[in-house]
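Just so it is clear, the structure is predicted and the values come from calculations on it, not from any experiment. Both ligands and their constituent atoms are indexed starting at 1 by order of listing.
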Amino acid sequence: MYEQIKETTKFLRDIGIVKPELGIVLGTGLGGIVKMIEIEKKIAYHDIPNFPVSTVTGHSGTFIYGTLEGKSVVAMQGRFHYYEGWEMQEVTFPIRIMKFLGIDKILVSNASGGVNPAFEVGDIMVITDHINMMPEHPLRGENEERFGPRFVDMHEPYSWKMIELMRAIARETDIKIQEGVYLALQGPTFETPAEYRMVKLMGADAVGMSTVPEVIVAKHMGMECFGLSVITDLGIEGKIEEVSHEAVQEAAKASEEKISTLVKEFVSRL
Ligand code: HPA
């Protein structure tokens with residue numbers, strides 16, 4: 001995999017992606033953040049050597065390079081999910097690429113189901129920690145020392161400094177944020193009422209099908225991570241309703257303006 005990563009990184013450097021400072025992973029329905037980026041390069045995943053190609057609706061699969069609030073960024077419009085059939089190494093491949101392009105900080109976003117009774121649909125949750133309940137681990141197997149250590153410290157999976165920065169921004173912009181623990185399940189089914197209850201009992205505030213593998217791999221390579229989750233539906237006793245991918249996309253879209261403001265401020269102050 002090391003050689004593939006070198007090859008892909010070289011390809012991206014050669015087309016002009018030279019000095020990005022921040023990597024952004026755009027989750028379901030959050031692609032609108034791209035509108036704030038002054039785009040310099042835009043390349044479809046299927047045109048990037050060794051890149052997996054995303055298929056789910058709402059994930060258009062484009063790698064973007066440009067400027068956001070004066071910072072040079074790389075954004076993934078569309079990510080790879082384990083439930084699509086990708087191996088964990090494929091799911092997390094773009095994160096390794098980001099690191100090899102010179103990025104040390106990533107901002108990941110997703111849509112999730114809220115299990116904290118204080119949450120409402122449309123809330124934005126700052127991810128303070130996560131619980132990995134995916135059936136596979138992206139670091140299983142022989143460790144590649146050129147990426148990072150065998151045993152990875154996870155005492156600060158999401159940067160405290162970045163969480164603190166977002167708290168300040170939320171106060172100043174008067175945008176309500178929630179904070180909580182994100183638990184990752186493989187999907188693609190949404191949770192049964194009993195599973196939502198389990199998620200809550202395990203100590204999480206929200207549940208989704210992504211993000212955790214990417215953050216694990218980012219931590220493996222010593223990157224600083226920040227995560228935002230839009231609560232698009234509720235897995236709370238008495239409030240559980242039918243949920244669909246379309247409803248999730250729609251709910252995420254409704255929070256787009258709020259999240260865009262937060263992200264814009266956040267990036268400008270990084
Ligand atoms: N569960 C899992 N993934 C999700 C959910 C959910 O309720 N909402 C959005 N993504």
Side-chain angles (χ1 to χ4, degrees), residues 24-33 54-61 76-86 88 91-92 107-136 138 157-158 177-216 227-256 258-260 262-263:
I24 303 176
V25 181
L26 300 159
T28 305
L30 300 169
I33 288 173
S54 172
T55 53
V56 186
T57 38
H59 302 273
S60 50
M76 281 179 68
Q77 197 171 27
R79 58 147 60 88
F80 305 102
H81 297 89
Y82 185 71
Y83 62 74
E84 291 174 273
W86 304 110
M88 280 299 185
V91 168
T92 56
L107 189 166
V108 288
S109 61
N110 61 51
S112 68
V115 299
N116 182 326
F119 287 6
E120 292 170 22
V121 168
D123 278 353
I124 293 164
M125 182 184 92
V126 172
I127 305 176
T128 53
D129 201 345
H130 73 220
I131 299 172
N132 181 21
M133 294 300 288
M134 289 275 193
E136 242 300 10
Y158 301 85
I177 52 165
Q178 303 282 9
E179 291 184 15
V181 174
Y182 176 91
L183 184 145
L185 290 175
Q186 71 166 310
T189 41
F190 291 111
E191 289 64 38
T192 65
E195 285 165 347
Y196 280 127
R197 210 177 308 131
M198 171 195 77
V199 167
K200 180 165 180 274
L201 279 169
M202 283 180 152
D205 299 283
V207 55
M209 309 173 192
S210 67
T211 302
V212 168
E214 291 142 327
V215 168
I216 288 172
L228 288 176
S229 190
V230 182
I231 307 298
T232 55
D233 53 275
L234 300 174
I236 298 163
E237 217 99 51
K239 292 189 184 169
I240 299 176
E241 288 179 354
E242 188 178 336
V243 55
S244 64
H245 186 58
E246 291 69 32
V248 164
Q249 281 177 302
E250 214 170 286
K253 195 139 191 56
S255 290
E256 200 167 88
K258 270 195 305 186
I259 206 165
S260 296
L262 293 174
V263 168

| query | Who are the salt bridge (Lys or Arg N to Asp or Glu O under 4.0 Å) partners of E250, not counting sequence neighbours? | reply | none
| query | Which protein residues have a heavy atom closer than 4.0 Å to any atom of ligand 1, listed by chain and number? | reply | A111, S112, G113, F190, E191, Y196, V207, G208, M209, T232, D233, V248
| said: A side-chain contact here means heavy atoms from C-beta on lying under 4.5 Å apart; do L234 and I240 qualify? | reply: no
| Between K200 and P117, which heavy-atom pair has the shortest distance, and what is it? | CE-CD, 3.7 Å
| task | Taking salt bridge (Lys or Arg N to Asp or Glu O under 4.0 Å) as the test, write out the residues that go with E179, two or more places apart. | result | R167
| In chain order, what residues pass the side chain to side chain donor-acceptor pair (under 3.5 Å) check against S255, with sequence neighbours excluded? | none
| said: To the closest 0.5 Å, what do you measure between CD1 (I127) and OH (Y158)? | reply: 5.0 Å
